[in-house]
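Below: one structure, written as structure tokens.
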Protein chains: 2
Amino acid sequence: MENDEKLINIRNNKEYHCPVEATLDVIGGKWKPLILWQLKEVEVIRYNKLQQNLHGVSPRMLTKQLRELEEDGLVNRKMYPEIPPKVEYSLTEFGKTVAPILEALCDWGSEYLGRQCTLGQEK
Amino acid sequence: MENDEKLINIRNNKEYHCPVEATLDVIGGKWKPLILWQLKEVEVIRYNKLQQNLHGVSPRMLTKQLRELEEDGLVNRKMYPEIPPKVEYSLTEFGKTVAPILEALCDWGSEYLGRQCTLGQEK
DNA sequence: CGCCTTACTATACTTTTTGTTAGTGACTAT
DNA sequence: ATAGTCACTAACAAAAAGTATAGTAAGGCG
């Protein structure tokens with residue numbers, strides 16, 4: 001690429017060649033957009049509930065993705081010192097900034113691939 | 001999920017649980033958003049040039065992703081019966097509908113992860 | 001006492017995805 | 001005759017993702 005300026009992720013100093021690539025490094029992956037979407041919809045959710053809503057992601061994968069999102073500052077993890085344990089996940093303020101991406105993903109999926117479906121806002 | 005309606009991809013009859021998932025099935029993957037972004041920027045591009053601009057995707061991956069995008073109706077492949085061969089890729093009208101997603105990815109990357117960079121619009 | 005609960009972790013394994021390298025066909029330029 | 005061009009394929013290797021199952025801590029409940 002002739003015009004190949006550098007793009008630096010200010011949060012971890014990684015280098016990219018274009019902003020799209022940088023974004024994908026943070027919210028790419030099979031489950032992350034789904035997790036973020038879920039958190040955006042329900043605001044606060046517990047681990048087991050989240051797992052159910054992602055129709056059966058394994059605990060191994062879910063934990064891994066959540067940890068990475070936490071590290072990247074998109075997700076809050078709040079644990080209550082109770083028994084049995086209680087842990088709540090939610091978006092950070094920074095995490096909320098990805099909303100436009102999630103909405104674009106949702107809109108396109110609804111409009112071009114099938115028919116609308118409303119997400120489970122239980123209770 | 002209590003409210004678990006079905007979403008069907010009208011192009012291949014696959015079933016999903018939410019529109020975001022459906023979208024990811026089409027434009028997810030390590031290289032697809034980058035390919036689509038590139039095509040959106042330059043409109044028409046040849047194979048080798050595309051490979052360079054994606055700074056070193058392997059031919060195997062590039063071909064695979066292009067084929068899938070073609071199958072899903074997002075990308076045109078036009079080959080000229082010349083020697084050496086010449087093949088041009090571009091977005092279909094349907095492919096152009098993903099622009100809002102790509103822009104959202106780009107905007108977020110620019111705004112939250114580093115500083116703007118302009119893509120190589122050579123010549 | 002023994003079972004239930006939640007949010008995981010650990011281990012082992014299989015499958016899928018991604019990457020590396022070399023090579024091909026057919027013509028053109030040297 | 002040899003090297004170069006382009007757009008790929010083929011064969012293989014490595015990495016990531018996914019599956020299955022078991023286990024843990026520590027208190028509540030019957």
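Every value quoted in this text rests on a predicted model; they were computed, and no experiment measured them. Every chain is numbered from 1, with letters handed out A, B, ... down the list of sequences. Heavy-atom basis, side chains included; hydrogens, waters and symmetry copies ignored.
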Strand-adjacent residues in residues 80-89 of chain A, judged by heavy atoms under 4.0 Å from DNA chain C: A:Pro84, A:Pro85, A:Lys86, A:Val87, A:Tyr89

5' precedence on DNA chain D between B:Arg46 and B:Arg60 (nearest-nucleotide basis): B:Arg46

Interatomic distance, B:Leu66 CG vs D:dT9 P [rounded to whole Å]: 11 Å

Rounded distance (Å) that lies between atom C1' of C:dT6 and atom CE of A:Met79: 11 Å

Spacing of B:Leu62 atom CG relative to C:dT20 atom P, expressed in whole Å: 14 Å

Phosphate OP1/OP2 of D:dT9: any B:Lys64 side-chain N/O under 4.0 Å: no

Donor-acceptor pair between B:Thr23 and A:Tyr112 side chains, under 3.5 angstrom: no

Between D:dC6 (C1') and B:Tyr47 (OH): distance, integer Å: 10 Å

Shortest non-hydrogen separation from B:Gln38 to B:Ile45 and the atoms involved: OE1-CD1, 3.9 Å

Under-4.0 Å side-chain N/O to phosphate OP1/OP2 contact, A:Trp31 with D:dG18: yes

Charged N-O contact under 4.0 Å between B:Arg67 and B:Glu71: no

A:Asp25 CG to C:dT18 P, straight-line distance once rounded to whole Å: 14 Å

Contact summary for A:Ala104 and B:Ala104, nearest pair of heavy atoms: CB-CB, 4.3 Å

Between D:dC8 (P) and B:Lys49 (NZ): distance, integer Å: 17 Å

Closest heavy-atom pair and its distance - B:Gln51, B:Ser58: OE1-C, 4.0 Å

For the student: nearest non-hydrogen atoms of A:Ile27 and A:Lys32, plus distance: O-CB, 3.7 Å

Aromatic plane relationship, A:His55 with B:His17 - under 30° parallel, 30 to 60° tilted, over 60° perpendicular: parallel

Euclidean distance, atom CG of residue B:Leu54 to atom P of C:dT18 [Å, nearest integer]: 14 Å

Selection from C:dT6, D:dA7, C:dT18 that lies nearest to any side-chain heavy atom of B:Met61: C:dT18

Interatomic distance where CD belongs to A:Gln51 and P belongs to C:dT6 [whole Å]: 12 Å

Short side-chain N/O contact from A:Arg67 to OP1 or OP2 of C:dT9, under 4.0 Å: yes

